[in-house]
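A short write-up of the structure that comes next.
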Amino acid sequence: MEGKTMTVYEQWAAPILGQIREKMAWSSEKNKDKIPYTTDAQGSYIDCAAGNDCGGLGWWTNGFWGGTMWLLYQDTGGESYRRIAQASEDRLSRCFDFFYDLSHDVGFQFQPTAVTDYRLTGREESRKRGLHAASLLAGRFNPAGNFIRAWNNAWPGADVRGWAIIDCMCNLPLLYWASQETNDPRFRHIAMLHADTAARCFLRADGSVRHIVEFDPETGAYIRSHSGQGYAHGSAWSRGQAWAVYGFALSYRYTKKQAYLDASKKVADYVLTHLPESGLVPCDFMQPAEPEWEDSCGAAILASGIWELAEVLPDGGEKERYRQGAWRIADTLYRQRTDWTHNCDAIVQNCTAAYHDEKHHFPMNYADYYFIEAVYKMAGKNYAPW
Ligand code: GLY
């Protein structure tokens, strides 16, 4: 940082980057042949892609391991990170053959892996995989309601043809990338039509967001909302808030459409005014006092997403307010919910996949991904793939 004064955020991030480099050096080597989602009772990553303790090779989080490797590669130049990322992408890409398993989450799977690989190395195979994934995502668009269908099957017997979910906002950058890459505006048109629908139908007046909205797949009419992974119908699942803040900020960055910036700010304001005194993010901002389920993964996405929102704003008080909000969440997470020992392969602890699940407070690989992404951003290095 010669010749330049470090910001308070850069000063905060510098020693944490050292810890990240140290932990990822051994954890990546130990787990180089796996695509992890969570850890076993001994703290060792389980190979999710082999179908252990998650949905198998096509599981929606399987791009975050390769994505983490690319973050570290950009930081350190370490060739082993590139090798692990590419091996992970090659393995993950076999899920294209399953087809029926793939959902709107192809963005989470292939943007941090294939698209990033292509951007950094020019690997032609990776470009093809990114465009393949973008075409699958675009193919889920329903022009009757202007939404991207989320899943093929939520559970046996459910009719989910008209279901869209807030999480999809963070899959849209794959479409923006595909339009830029091919000079074909179709992908961007679809992303914007979906984002317009999300801003209109998912956001409530107070800035909380619905998780699932069901449309009539024939007419496109709004039918109802569903509670999804949060506490209850009408509540505010914190990871849903996080996908919304981050996703709308990214859509604004690509399109400069004011409505997306307004949506991102509105959701971020809800989060920052409902954040508990402790600074720890609950699984749901409307959950009862007991049980006190946390979601550190939601916290990590919020830290990176609110920082992203600050980055698209001009210098001034508002930008600084969001930066401080993002930093407060990241700092609390760092001080209270990270593990830098060899006892656990993951860094971030106390994640919750869904409020009503039996299992709570365990490591989830994509919490590490977003935490690391956020620390790099706060260090002034934006390596994010979105
Ligand atoms: N996209 C699903 C989740 O956040 O758990």
Side-chain angles (χ1 to χ4, degrees), residues 35-38 48 53-56 58-65 67 92 95 101-113 133 136-137 140 147-155 158 160 163-174 194 198 202 208-213 225-231 235-248 250 267 271 281-285 287 293-305 346 348 350-371 373-374 385-386:
I35 303 183
Y37 167 65
T38 190
C48 167
D53 216 21
C54 81
W59 185 238
W60 74 277
T61 64
N62 281 351
F64 290 109
W65 177 244
L92 173 61
C95 78
D101 287 355
L102 295 173
S103 69
H104 71 122
D105 285 327
V106 286
F108 288 126
Q109 292 166 316
F110 289 96
Q111 188 141 5
T113 52
L136 290 172
L137 183 56
R140 307 187 69 82
F147 66 90
I148 292 173
R149 175 178 171 173
W151 303 300
N152 302 336
N153 302 296
W155 49 80
V160 296
W163 285 26
I165 68 172
I166 194 64
D167 320 33
C168 190
M169 286 304 303
C170 281
N171 283 314
L172 301 184
L174 179 67
H194 178 88
F202 283 75
S208 65
V209 295
R210 304 180 170 96
H211 183 187
I212 302 169
V213 170
S225 63
H226 298 272
S227 61
Q229 287 158 258
Y231 165 60
S235 70
W237 177 48
S238 59
R239 209 154 64 248
Q241 303 295 128
W243 297 132
V245 175
Y246 203 166
F248 279 114
L250 291 169
V267 183
V271 168
V281 171
C283 177
D284 193 307
F285 286 105
Q287 72 189 27
W293 300 135
E294 294 169 20
D295 183 20
S296 300
C297 185
I301 302 164
L302 280 168
S304 194
V348 177
N350 281 28
C351 304
T352 294
Y355 184 90
H356 293 287
D357 280 358
E358 277 180 21
K359 190 174 165 189
H360 298 89
H361 296 181
F362 58 99
M364 299 200 303
N365 167 254
Y366 64 112
D368 276 27
Y369 170 83
Y370 281 103
F371 175 73
E373 183 188 275
W386 316 109

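Numbering starts at 1 and runs along the sequence shown. For ligands, and for the atoms within them, numbers begin at 1 and follow the listed sequence.
- Using a 4.0 Å heavy-atom criterion, the residues that approach ligand 1 are Trp60, Asp167, Gln229, Trp237, Arg239, Trp243, Tyr366.
- Not counting sequence neighbours, the partners of Ala353 by the side-chain contact (heavy atoms from CB on, under 4.5 Å) test are Tyr37, Asp357, Phe362, Met364.
- Distance alone, capped at 3.5 Å, places no donor-acceptor pair between the His360 side chain and the Trp293 backbone.
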- Message: Test ring pair (Phe, Tyr, Trp, His ring centres under 6.0 Å) on Phe108 and Trp243; report intermediate values, then the result.
- Response: CA-CA 12 Å; Phe108 288 126; Trp243 297 132; 4.8 Å; yes
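- Using modelled atom types, one finds a donor on one side chain and an acceptor on the other under 3.5 Å when comparing His211 with Asp167.
- Side-chain contact check for Thr352 versus Glu294: every heavy-atom pair is 4.5 Å or farther apart.
- With hydrogens and angles disregarded, a donor-acceptor distance shorter than 3.5 Å links the side chain of Gln111 to the backbone of Leu174.
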